[in-house]
Amino acid sequence: MNEAAWVLVTAYLIDRVVGDPRSLPHPVVIIGWWISRLEWLIRTCVKQEKHLKAAGVLFPLLIVAGSYAVVWLIIWAGALVSPWLSFALSAWLISTTIATKGLADAGLEIMRHLQAGDIPAARRSLSMVVGRDTEHLDEAEICRGAVETVAENIVDAIVSPLIYAAIGGAPLAMAYRAANTLDSMLGYKNEKYRNLGWASARFDDVANYIPARLTALLLLAASWLLRLDVRQSWQIIRRDAHLHPSPNSGLPEAAVAGALGVQLGGLNTYQGVPSERARLGDARRPLRPEDIRMTVRLMYGASMLCLLVCLGIAAWLG
């Protein structure tokens, strides 16, 4: 393997073993701070709502390009000191853009609370990773929220950053993470962000378009390895994925729903406002806590298969 491939393997292992220690500064926190500062500056300077749509283009231009440039300079400076320092910085920075361990830990924590019969604790844990209201959810709805969150985030927390890291190293992986952070902070279709956040939302959709479709294939392969229902998974992807409001999130959710033989989607509530989401899959049986564990296993399988794909990309490019 070449150096880029070793960097990818090291980054993946760092994330699997260490994750994101709270004692260390996380680049996403810094990116989020700059997004907030830029939003304040734009809203201070642009007073008319109709001009916010044009100003929204500044976010991907400045934040994404700036993240790429800063990480490139860090790696370049590290290489001036030592090739090993450059290697270590690249691996660590890429590891901060992926969240395999974080996704698994969050999902399994919810599952353990449910298995212990502690519904209030499960609701609290779920509220840390979803935007919907969780105060009155029953066990099946908590399971649905956890399964949907793990499935959806396989794209933007694992596959996309690994793919971009394989293509352009730590700088491109961090640029992708900046784009995804922009979408999570500004990409809402509400009155506040409909104009200001449109460019960030569209940029994230484009960035995830190919990785989302690769994720669906990886989940089919992981389903086969885990002896789940691959045929049903493929059928649900073809039948239901396009029903999701996101052009990308429906693919992994449909793949998981079909593989497990459950139905995802349904009625969610956001700050007291009900919202009907497309139903993906067939409700062959109720969702149960063990489905969270199986979704985590599918996520692990897809992530390892993705790493193999990325090693091939890195070898081909370099």
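Note that this is a predicted model, so its numbers are computed, not measured.
The OG1 atom of Thr295 lies 9.5 Å from the CD atom of Glu290; values are rounded to the nearest 0.5 Å. A distance of 8.5 Å separates OG of Ser184 from CZ of Arg177, quoted to the nearest 0.5 Å. To the nearest 0.5 angstrom, Trp92 atom CH2 is 15.0 Å from Thr10 atom OG1. In this structure, CG in Leu80 is found 11.5 Å from CD1 in Ile75, a value given to the nearest 0.5 Å. Atom CD1 of Ile163 sits about 11.5 Å away from atom CG of Asn208, to the nearest 0.5 Å. Atom CG of Leu264 and atom CG of Leu280 lie 6.0 Å apart (nearest 0.5 Å).
Of all non-hydrogen atoms in Ala278 and His244, the two that sit nearest each other are CB-N, 4.2 Å. Nearest heavy-atom pair across Pro211 and Val159 is O-CG1, 3.7 Å. Looking at every heavy atom in both residues, Leu162 comes nearest to Ser303 through CD1-O, 4.4 Å. Minimum heavy-atom separation, Ser67 to Ala175: CB-CA, 4.4 Å. Here the shortest heavy-atom pairing between Pro247 and Arg213 reads O-NH2, 3.0 Å. What you find for Val129 and Ala106 is that their closest heavy atoms are CG1-CB, 3.9 Å.
Hydrophobic clustering places Ile63 together with Val46 (ILVMFWY residues linked when any side-chain heavy atoms are closer than 4.5 Å, directly or through intermediates). At a threshold of 4.5 Å between side-chain heavy atoms, the hydrophobic network of Ile, Leu, Val, Met, Phe, Trp and Tyr places Val7 and Ile74 in two separate groups. Under a hydrophobic clustering in which Ile, Leu, Val, Met, Phe, Trp and Tyr are joined whenever their side-chain heavy atoms come within less than 4.5 Å, directly or via other members, Met174 and Leu62 fall into the same cluster. There is no path of hydrophobic side-chain contacts, each under 4.5 Å, that joins Leu186 to Val206. Following chains of ILVMFWY side-chain contacts shorter than 4.5 Å, one cannot reach Leu267 starting from Tyr270, and the two form parts of different hydrophobic clusters.
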### Task
Go through the steps to decide whether Asp229 and Arg284 satisfy the test salt bridge (Lys or Arg N to Asp or Glu O under 4.0 Å), and finish with yes or no.
CA-CA 13 Å; Asp229 197 336; Arg284 296 181 175 181; 3.4 Å; yes
### Task
Take Phe203 and Phe59 through the test side-chain contact (heavy atoms from CB on, under 4.5 Å) and record every step on the way to the result.
CA-CA 10 Å; Phe203 193 92; Phe59 285 100; over 6 Å; no
### Message
Determine whether Arg202 and Asp183 satisfy the following criterion, salt bridge (Lys or Arg N to Asp or Glu O under 4.0 Å), listing intermediate values before the conclusion.
### Response
CA-CA 8 Å; Arg202 297 292 76 75; Asp183 181 59; over 6 Å; no
### Query
Which is it for Glu141 and Arg144 under the salt bridge (Lys or Arg N to Asp or Glu O under 4.0 Å) test, yes or no, and what are the steps along the way?
CA-CA 5 Å; Glu141 285 297 295; Arg144 178 169 73 86; 2.6 Å; yes
### Message
Using side-chain contact (heavy atoms from CB on, under 4.5 Å), reason through Leu225 and Leu305 one step at a time and then give a plain yes or no.
### Response
CA-CA 11 Å; Leu225 291 172; Leu305 291 169; 4.2 Å; yes
### Query
What do the steps show when you test Met294 against Val147 for side-chain contact (heavy atoms from CB on, under 4.5 Å), and what is the final call?
CA-CA 9 Å; Met294 288 305 303; Val147 168; over 6 Å; no
### Query
Does the pair Arg112 and Asp105 meet the rule for a salt bridge (Lys or Arg N to Asp or Glu O under 4.0 Å), with working shown?
CA-CA 10 Å; Arg112 286 192 292 269; Asp105 289 349; over 6 Å; no
### Task
Could you walk me through whether Leu103 and Ile158 pass side-chain contact (heavy atoms from CB on, under 4.5 Å), step by step?
CA-CA 10 Å; Leu103 266 181; Ile158 301 172; 4.1 Å; yes
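Surrounding CZ of Arg238 are at most 12 heavy atoms belonging to other residues, nucleotides or ligands under 6.0 Å away.
The backbone N or O of Ala257 sits nowhere less than 3.5 Å from a side-chain atom of Gln263 that would complete a donor-acceptor pair. Looking at Asp240, its side chain does come within 3.5 Å of a backbone N or O of Gly281 through a donor-acceptor pair. Between the side chain of His26 and the backbone N or O of Asp20, no donor-acceptor pair lies under 3.5 Å. Side-chain atoms of Asn153 come within 3.5 Å of backbone atoms of Thr149 as a donor-acceptor pair (strictly under, hydrogens ignored). At least one donor-acceptor pair under 3.5 Å links the side chain of Thr97 to the backbone N or O of Ile94. At distances below 3.5 Å, not a single donor-acceptor pair connects side-chain atoms of Ser125 with backbone N or O atoms of Ala122. A donor-acceptor contact shorter than 3.5 Å is absent between the side chain of Tyr188 and the backbone of Gly197.
Cation-pi contact between Arg43 and Trp40: absent, since separation from the ring centre below 6.0 Å together with deviation from the ring axis within 45° is not met.
Contact check on Asp133 versus Arg123 returns no salt bridge, with no Lys/Arg side-chain nitrogen under 4.0 Å from an Asp/Glu carboxylate oxygen.
Side-chain N/O atoms of Asp15 and Thr100 include a donor and acceptor closer than 3.5 Å.
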